[in-house]
Amino acid sequence: MTRVFTMTHKRFAKPEDPVYVPLQVGRTTHEDLGYLGDDTGDSISDLNCYYGELTGIYWLWKNYEGRENIGVCHYRRFFINEKMELLKETDYEEILSRYDIITSKAMYADVPYQEYYAKAHHIEDLEEEGQVIKELFPDDYPFFCEVMQGKKHYFGNLMVTSRKLFDEYCSWLFAIFFELEKRIDVSSYDEYHKRVFGFLSEQLLLVWITARGLTVYESRVGISEEKAETKEFKLAIGQLIKMGQVTQARQMFYEILKVRPDLQLEHSDLKHEIPDIEQILYICELEEQNGIPGMMAYSKELPVLTEHLKKLRSLLEQEKWQKEAMDYFTVTDTSDIAVEVILRNDMNLKDDWKRKLEKWKNKK
């Protein structure tokens, strides 16, 4: 048998296949969603803001009695096959008859992982983690150094393996973290960076696998929906636009992304709309400052404006503007400001936007 526990902090459309079992993480400090929770028995549910989905992993290790293959996925991230279908119990068992563990497909950074981590997080935490491993598990320390200097990494603590290996991994992982807790101070971290143990753990899975020479099946991962916080971010920006508060919307845009840069990652912003929203806000603010109705006269609905921007971009990229394009520009009262911003940001050739902007002015 195999059970794959779907870690969640939100209600979601759970798969019908019983192999997938929803597990609410951080339930101690949140509304009970009606799923199995991580807040009974031996639990660290109250540390969810620091550990993320690891509070669910800890709960399974300490409280779940099943001895079957055990796995972890997320409310919007699931293992899939080449046909983009959810893996079934028979798939997991067939794979695990040939491999020790199933993980997400490896990702590769442009720089060594240590540098990659330092770009978004506190590098001293990663260095202290290495020191703890050196002290508690000295045989694993060379593998830690090897992985930190490499570019390969997994994401999200996604895995499926035997109960025996799962327990061994948890014993190793939490021994490291419970010691690390004594050594790092997260009191000054914002809400995003407080989830430090969740971030640190993603690379530790690769360290543990490498140190033990495990055979790995790297599976495709399907993303069923956008990150909940990304959805909420877009809704908040959209509400301010609807109220005509463009400057406030632009301020909020940068304030939120400063503390939650993960919202704009490819796996969070599935529709790749955040760069377009940034451009829309910039255009609307410039138009407002110059007393031009422009985009806000066309619509105050963010989804409509997003499609409008895409339409303008596709038309402006054409070498020759046909009647359809000119009619669209006229009907939508497309401003010189909007055209210049779009051309500046979207033309592939360095100076091509200047030529097209001159062409635009001559057309008018």
Side-chain angles (χ1 to χ4, degrees), residues 7-9 24-30 38-39 43-62 72 74 77 104 107 109 111-137 140-141 143-145 147-150 152-159 169-209 227-230 255-265 267-268:
M7 306 295 173
T8 187
H9 62 295
Q24 182 181 351
V25 297
R27 192 165 72 175
T28 293
T29 54
H30 294 85
D38 68 350
D39 59 340
S43 165
I44 57 169
S45 181
D46 59 329
L47 300 179
N48 182 256
C49 63
Y50 308 111
Y51 279 86
E53 68 273 1
L54 293 181
T55 62
I57 292 175
Y58 180 89
W59 185 87
L60 289 168
W61 174 40
K62 290 295 187 178
V72 174
H74 296 170
R77 292 172 176 157
S104 61
M107 302 174 71
V111 296
Y113 186 81
Q114 191 162 354
E115 292 180 39
Y116 177 77
Y117 187 89
K119 290 181 180 180
H121 306 289
H122 300 275
I123 188 59
E124 59 269 21
D125 297 337
L126 187 67
E127 292 168 347
E128 191 62 41
E129 179 183 64
Q131 184 60 34
V132 170
I133 292 174
K134 188 175 184 180
E135 294 171 15
L136 298 183
F137 304 100
D140 293 336
Y141 183 66
F143 296 100
F144 172 83
C145 295
V147 169
M148 293 306 135
Q149 292 306 310
K152 177 180 177 179
H153 60 103
Y154 298 130
F155 73 95
N157 294 303
L158 303 175
M159 60 175 156
Y169 173 64
C170 289
S171 179
W172 178 83
L173 179 71
F174 289 105
I176 294 167
F177 281 167
F178 290 159
E179 176 58 31
L180 193 58
E181 270 189 35
K182 304 171 187 176
R183 305 190 186 192
I184 63 176
D185 180 8
V186 299
S187 60
S188 64
Y189 292 8
D190 57 40
E191 290 303 310
Y192 175 67
H193 290 96
K194 274 184 180 178
R195 204 162 69 247
V196 58
F197 299 105
F199 296 133
L200 289 171
S201 68
E202 292 189 348
Q203 197 65 351
L204 284 189
L205 179 60
L206 180 56
V207 173
W208 183 73
I209 286 172
K227 194 181 187 83
E229 290 84 354
T230 300
E255 286 170 0
I256 292 178
L257 289 185
K258 184 177 180 180
V259 297
R260 290 300 304 268
D262 59 307
L263 300 186
Q264 57 191 328
L265 296 176
H267 293 300
S268 300

As an exercise, state the distance from CZ of Arg77 to CZ of Phe155, rounded to the nearest 0.5 Å.
5.0 Å
Over all heavy atoms of both residues, which pair between Gln203 and Lys152 is shortest? Give the atoms and the distance, please.
NE2-O, 2.9 Å
Looking at CG of Asp39 and CH2 of Trp59, how far apart are the two atoms once the value is rounded to the nearest 0.5 Å?
9.0 Å
According to the interplanar angle, ranging from 0 to 90°, do the rings of Phe178 and Phe174 count as parallel (below 30°), tilted (30 to 60°) or perpendicular (above 60°)?
tilted
Spatial distance of atom NE2 (His74) from atom CD (Glu53) [nearest 0.5 Å]
4.0 Å
Given side chains that start at C-beta, do those of His153 and Glu202 come closer than 4.5 Å, heavy atoms only?
no
Partner residues of Lys62 under the salt bridge (charged side-chain N to carboxylate O under 4.0 Å, His left out) criterion, sequence neighbours left out:
none
Counting the benzene-type ring for Trp, do Tyr51 and Phe197 have ring centres under 6.0 Å apart?
yes
Quick check for you: to the nearest 0.5 Å, what is the distance between Asp38 atom CG and Thr28 atom OG1?
6.0 Å
What residues, two or more places apart in sequence or in another chain, satisfy salt bridge (charged side-chain N to carboxylate O under 4.0 Å, His left out) together with Lys182?
Glu179
Which pairs, with at least one residue in residues 111-133 and sequence neighbours excluded, count as a salt bridge (Lys or Arg N to Asp or Glu O under 4.0 Å)?
Glu128-Arg183
Would you call the rings of Tyr113 and Tyr117 parallel, tilted or perpendicular if under 30° counts as parallel and over 60° as perpendicular?
tilted
Lys134 to Tyr141, cation-pi by 6.0 Å centre distance and 45° axis angle
yes
By side chain to side chain contact (heavy atoms under 4.5 Å, CB included), which residues pair with Thr29, not counting sequence neighbours?
none
Apply salt bridge (charged side-chain N to carboxylate O under 4.0 Å, His left out) to Glu255 and list each qualifying residue two or more places apart in sequence or on a separate chain.
none
With sequence neighbours excluded, what pairs up with Tyr154 under the ring-ring contact (aromatic ring centres under 6.0 Å, His included) test?
none
Are side-chain heavy atoms of His193 and Val186 found at a separation under 4.5 Å?
no
Name the orientation class of the two ring planes belonging to Trp208 and Trp172 (parallel below 30°, tilted from 30 to 60°, perpendicular beyond 60°).
tilted
If you round to the nearest 0.5 Å, how far is CG of Leu204 from CD1 of Ile209?
11.0 Å
